[in-house]
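Take a look at the structure below.
Heads up: numbering here begins at 1 and tracks the sequence.
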Amino acid sequence: MRITSLLLCVLLAILSIEAVDRGKYKTCSQSSFCTRNRGVTHDGYHIANLHRKSDSQFTADFVSPYLQGRSLTFELTGLLDNTVRVRVVESLPKRYQGPLEVLEPLQEAKLSEKQKSSESTEFTLNSHVTVRIDFYYDGRHTLSANANDFLNFEHLRSKEEDDKIVPSQIPNDEATQPEDYNEAESGPWQRPTKENPKKSGRWEEHFGGHQDTKPNGPTSISMDITFIGSRYVYGIPEHASSLALTPTIRVGDANEREQVTDPYRHYNLDVFEYELNNPMALYGAVPFMIGHGAHGSSAVFWLNSAETWIDVETTTKDASGREKVGTQWISESGNMDIFFIIGPSGHDVLRQYAALTGTTALPPQFTLGYHQCKWNYKDETDVANVDSGFDSHDIPYDVIWLDIEHTDSKKYFTWDQNYFPTPKNMQEKIGDKGRRMVTIVDPHIKREGGYHVHSQAESNNYYVKNKDKNDYDGHCWPGSSSWVDYLKENARDWWEQLFSYYNYQGSTPRLYTWNDMNEPSVFNGPETTMNKDALHLDGVVEHRDVHNLYGMTMVNATARGLIRRHADQNERPFVLSRAFFAGIQKHGAIWTGDNTAGWDHLAVAQPMLLSLGLAGVAFSGADVGGFFGNPDAELVTRWYQAAAFQPFFRGHAHLDSKRREPWLFGEPYTSVIRDAIKSRYQHLPLWYTLFYKNTLTGLPPMRPLFLEFPSEEKIWNNQDQFLVGRELMVVPVTRSQQTTSRVVFPGAQKWYDITDGSSHAGGTEEEVNVPLEKYLVYQQGGTVVPKRERARRTSQHMDTDPFTLQIAVSREGTAEGELYVDDGHTFDFKKGVYSYNQIKLENGNLTYKTLGGVYESQLLIEKIVVYGLSSAPSSVTTVSNEKLDFSYRNGKLVIRKPNLPATREWSLQIKA
Ligand SMILES: *[C@@H]1O[C@H](CO)[C@@H](O)[C@H](O)[C@H]1NC(C)=O
Ligand SMILES: *[C@@H]1O[C@H](CO)[C@@H](O)[C@H](O)[C@H]1NC(C)=O
């Protein structure tokens with residue numbers, strides 16, 4: 001008996017680990033605004049009095065019987081670089097007008113209706129009956145707005161007015177649904193009826209024992225957007241889902257629509273033990289989607305920080321046989337503010353999106369190294385032992401992390417006096433070895449008398465308020481807590497100053513910050529987050545309006561705090577965040593939250609990180625090994641091999657997980673992990689260069705194949721392989737006991753295995769052996785990979801090391817690449833103190849040319865390796881005709897010790 005019940009307990013425990021508690025999170029049908037809009041047509045929204053307001057803008061009145069006599073403002077604005085912004089605005093104080101602060105300064109462009117502009121963007125505005133906007137590139141239709149009449153805008157109203165108008169709100173009132181509505185096809189009709197007008201959740205909603213009061217009533221907006229010429233759509237992170245987004249609506253031959261799953265949800269949530277392959281919300285939200293097909297890419301940015309649901313239809317064909325993907329976007333509140341990004345290529349849309357929300361802040365160089373974290377390294381001795389363990393096992397690492405237990409009873413900006421009595425001393429010892437430390441700082445502040453952060457926040461009114469305008473009080477790690485209102489300028493300013501060395505006692509310049517739980521996570525709140533009727537800015541803005549923005553406002557203030565703590569404000573900050581919104585890349589890195597030690601979580605990290613990169617969030621990673629549970633040695637080893645080629649590289653584990661520092665797994669595992677981490681350090685110059693290039697182009701360092709091979713249909717949805725820049729292709733092993741990998745070699749150029757130099761022709765597929773020690777990384781012909789060959793204890797120890805240029809020639813005998821160099825940690829690069837160089841091989845001429853910046857240094861190129869030459873050169877000479885030593889074997893040319901400068905121009909002649 002006892003054994004059986006024990007077994008049952010164990011079984012239950014396993015079951016509960018395997019699945020998220022879905023009942024804790026809303027579905028669309030449990031959300032009134034989602035239900036009121038999903039798949040629901042509202043014909044009759046149109047525009048009137050269209051007139052030109054400026055060279056770049058048209059405005060009009062936005063009118064409809066649904067608006068009960070109100071007229072909203074419609075604006076259509078041309079922006080530079082093939083982008084058009086469409087807004088529908090109700091400018092009343094109660095309606096949230098943001099989140100406009102995430103936008104970069106926008107540059108307008110001349111716009112002419114129904115006429116090709118200089119940038120080949122064209123649009124037509126059709127509003128005889130219902131407004132519809134079509135966008136063209138070079139005469140080719142790319143995007144349509146409201147082709148399906150899903151546009152809806154719930155204007156502000158009083159409750160009395162709503163009680164009167166609800167039954168008649170729909171034109172031709174006596175039918176409570178449009179005449180053309182087919183229930184069998186589109187699911188049950190959910191709009192309020194005359195008999196039951198109140199049960200609709202319009203003014204109040206309940207979920208999981210929580211009441212959401214809605215003082216402003218229904219305020220949702222909806223629009224359908226069709227990606228014409230696209231086979232797939234991508235982006236809208238964060239979901240534990242595929243790269244090419246799985247459709248949520250199946251469209252049949254007669255255009256009938258069937259709901260397959262819930263729409264993708266954007267509502268920043270702390271989802272405990274998240275499930276894979278579904279559209280449930282996770283920690284962050286970037287409402288940006290890219291479509292791709294035979295003619296290239298186009299994209300849409302839906303600027304709204306309220307809860308949002310996004311449907312993706314199966315691919316269908318339009319009248320002229322072109323593929324198209326329909327989408328519907330539904331937000332709970334805010335204005336309608338949509339950016340139509342016309343491309344025409346994937347590279348174009350990423351640059352165009354970066355012009356709207358910014359590029360990635362150039363990371364300090366050390367942050368691209370390896371990070372070691374555990375909940376929790378328990379005291380200063382533990383920290384010292386882990387730190388020296390890396391040295392004694394000859395494994396490089398840069399940063400050691402402390403989770404919540406390092407504080408005095410979860411009071412951030414403090415230290416546990418017993419376990420961390422000398423935090424400065426601890427950081428200095430770490431710092432002496434060239435390393436850094438990160439401590440966690442969360443947005444929930446313990447409500448405890450005498451805690452300086454709480455007493456200052458409380459007395460100065462810096463907390464988010466509840467609906468009754470008292471400090472919002474919820475449960476989180478410290479127990480009863482309140483949350484800082486980072487939307488308030490004075491609260492932000494105060495928060496920034498908390499990071500000064502004086503205010504954050506025990507902090508040093510070696511200390512950086514981790515913002516966790518900032519969705520925000522509220523243990524006793526609805527869906528484990530903050531109540532939507534909580535109030536920001538002293539009651540001006542409802543939490544409902546800014547929920548998805550909240551976490552990022554914290555990261556912004558934290559990053560600024562880390563900058564401000566230095567007298568000259570010239571050091572780059574580093575903040576890692578779990579929650580995020582569009583534009584987070586300007587402030588810090590993110591990770592994919594609390595994943596699990598399973599092969600499926602290793603595999604899903606790729607599509608998740610690729611989707612993030614496509615949405616501008618280039619600096620991201622997944623916890624190596626998986627946060628929950630215990631990976632076996634094989635899984636953890638394969639995970640290191642994959643993550644060594646992903647942007648943010650950190651090992652982390654749950655409080656209840658076993659220790660898993662790389663040397664605990666024994667041989668051969670520790671050696672294989674060491675090799676993976678060392679190969680990361682050898683490639684730091686490439687990573688750093690790619691992050692610099694991101695600031696010029698918006699292109700993420702980690703890229704899906706389709707971005708570089710846009711016309712190769714069969715790889716449009718490939719998520720088993722990815723690129724680092726255009727230089728490297730990585731094919732991680734993601735299955736237990738896997739002995740071979742099927743590798744697609746795209747393009748026309750050869751791919752050179754970076755571990756043994758063997759090559760594979762482009763346009764082929766091959767089954768490749770993957771014994772444990774083998775990681776598949778290939779360099780594309782025609783590229784240059786800058787490296788530093790000696791992987792030392794930290795990235796800082798490699799600062800003065802010489803570089804190796806690893807060149808793989810194209811079929812034409814050419815190659816091109818870049819190397820970016822600066823001091824690695826200050827903002828001096830913004831004043832031109834850097835050296836950005838182009839390396840080019842053409843006709844046997846190898847030239848090193850500075851594209852930008854001036855950086856005085858003694859840095860050298862110590863070696864040049866060239867793969868793919870068909871025969872040994874007769875000579876290698878400098879411009880002054882000095883002959884250089886070289887060796888040539890099996891197609892590999894090695895020029896040893898050319899000792900050329902890395903921050904000044906030079907050229908070499910490689911004679912056939
Ligand atoms: C970041 O904070 C600064 C200062 O508080 C503010 O001016 C800026 O708009 C913020 N940026 C974003 C993207 O919210
Ligand atoms: C090599 O480069 C030099 C300097 O740019 C140029 O003068 C020369 O013509 C080039 N030689 C070839 C073979 O392209």
Side-chain angles (χ1 to χ4, degrees), residues 37 42 45 47 56-60 62 72-79 81-90 95-100 102-104 106 108-109 111 121 123-127 130-136 142-154 219-228 230 233 235-236 263-264 266 285-291 297-312 325-343 349 352-353 355-357 545 548-549 581-583 615-616:
N37 289 287
H42 291 82
Y45 281 106
I47 57 174
S56 55
Q57 191 175 65
F58 288 95
T59 62
F62 186 76
L72 312 181
T73 307
F74 174 91
E75 269 176 27
L76 192 147
T77 314
L79 299 176
D81 206 2
N82 287 336
T83 303
V84 177
R85 180 184 193 181
V86 173
R87 298 178 81 206
V88 178
V89 176
E90 180 175 36
R95 190 151 199 128
Y96 178 57
Q97 302 291 313
L100 302 176
V102 312
L103 292 175
E104 293 286 285
L106 302 180
E108 299 191 354
L111 200 61
T121 306
F123 70 94
T124 60
L125 200 55
N126 184 334
S127 194
T130 298
V131 62
R132 167 181 171 145
I133 316 170
D134 291 291
F135 298 90
Y136 299 79
T142 59
L143 290 165
S144 285
N146 204 33
N148 292 332
D149 295 344
F150 290 160
L151 195 166
N152 189 24
F153 195 113
E154 292 177 333
T219 54
S220 72
I221 57 170
S222 158
M223 175 72 103
D224 63 86
I225 295 162
T226 313
F227 290 79
I228 303 193
S230 288
V233 290
I236 56 167
Y264 289 92
H266 270 168
V286 184
F288 175 66
M289 184 186 276
I290 298 177
S297 301
S298 56
V300 165
F301 176 41
W302 174 269
L303 179 53
N304 191 294
S305 51
E307 181 184 349
T308 297
W309 296 83
I310 305 158
D311 262 321
V312 172
V325 179
T327 64
Q328 183 184 7
W329 302 65
I330 305 164
S331 289
E332 183 172 17
S333 63
N335 283 323
M336 194 175 283
D337 197 349
I338 317 173
F339 294 80
F340 295 88
I341 295 172
I342 315 298
V349 298
Q352 289 153 359
Y353 176 66
L356 304 179
T357 67
D545 299 317
N548 290 344
L549 182 70
F581 186 66

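- Taking all atoms of both residues into account, the shortest heavy-atom contact from Ala147 to Thr226 is CB-OG1, 4.2 Å.
- Aromatic rings from Phe62 and Tyr45 are positioned such that their centres are separated by under 6.0 Å.
- No donor-acceptor pair under 3.5 Å is formed between the side chain of Asn146 and the backbone N or O of Thr130.
- Between the side chain of Asn82 and the backbone N or O of Gly343, at least one donor-acceptor pair lies under 3.5 Å.
- When all heavy atoms are compared, the tightest approach of Arg85 to Leu100 is NH2-CD2, 3.6 Å.
- At least one donor-acceptor pair closer than 3.5 Å links the side chain of Gln97 to the backbone N or O of Glu90.
- Between Tyr353 and Phe288, the ring-plane angle classifies as parallel under the 30° and 60° cut-offs.
- Closest non-hydrogen pair, Ala299 versus Leu143, comes out as O-CD1, 3.6 Å.
- Here OH of Tyr264 is found 8.0 Å from CE of Met289. Values are rounded to the nearest 0.5 Å.
- With Thr357 contributing its side chain and Leu103 its backbone, the two residues share no donor-acceptor pair below 3.5 Å.
- Judged as a ring-ring contact (aromatic ring centres under 6.0 Å, His included), and not counting sequence neighbours, the contacts of Phe340 are Phe135.
- Across all non-hydrogen atoms, the minimal contact from Ser220 to Arg95 is O-NH2, 4.3 Å.
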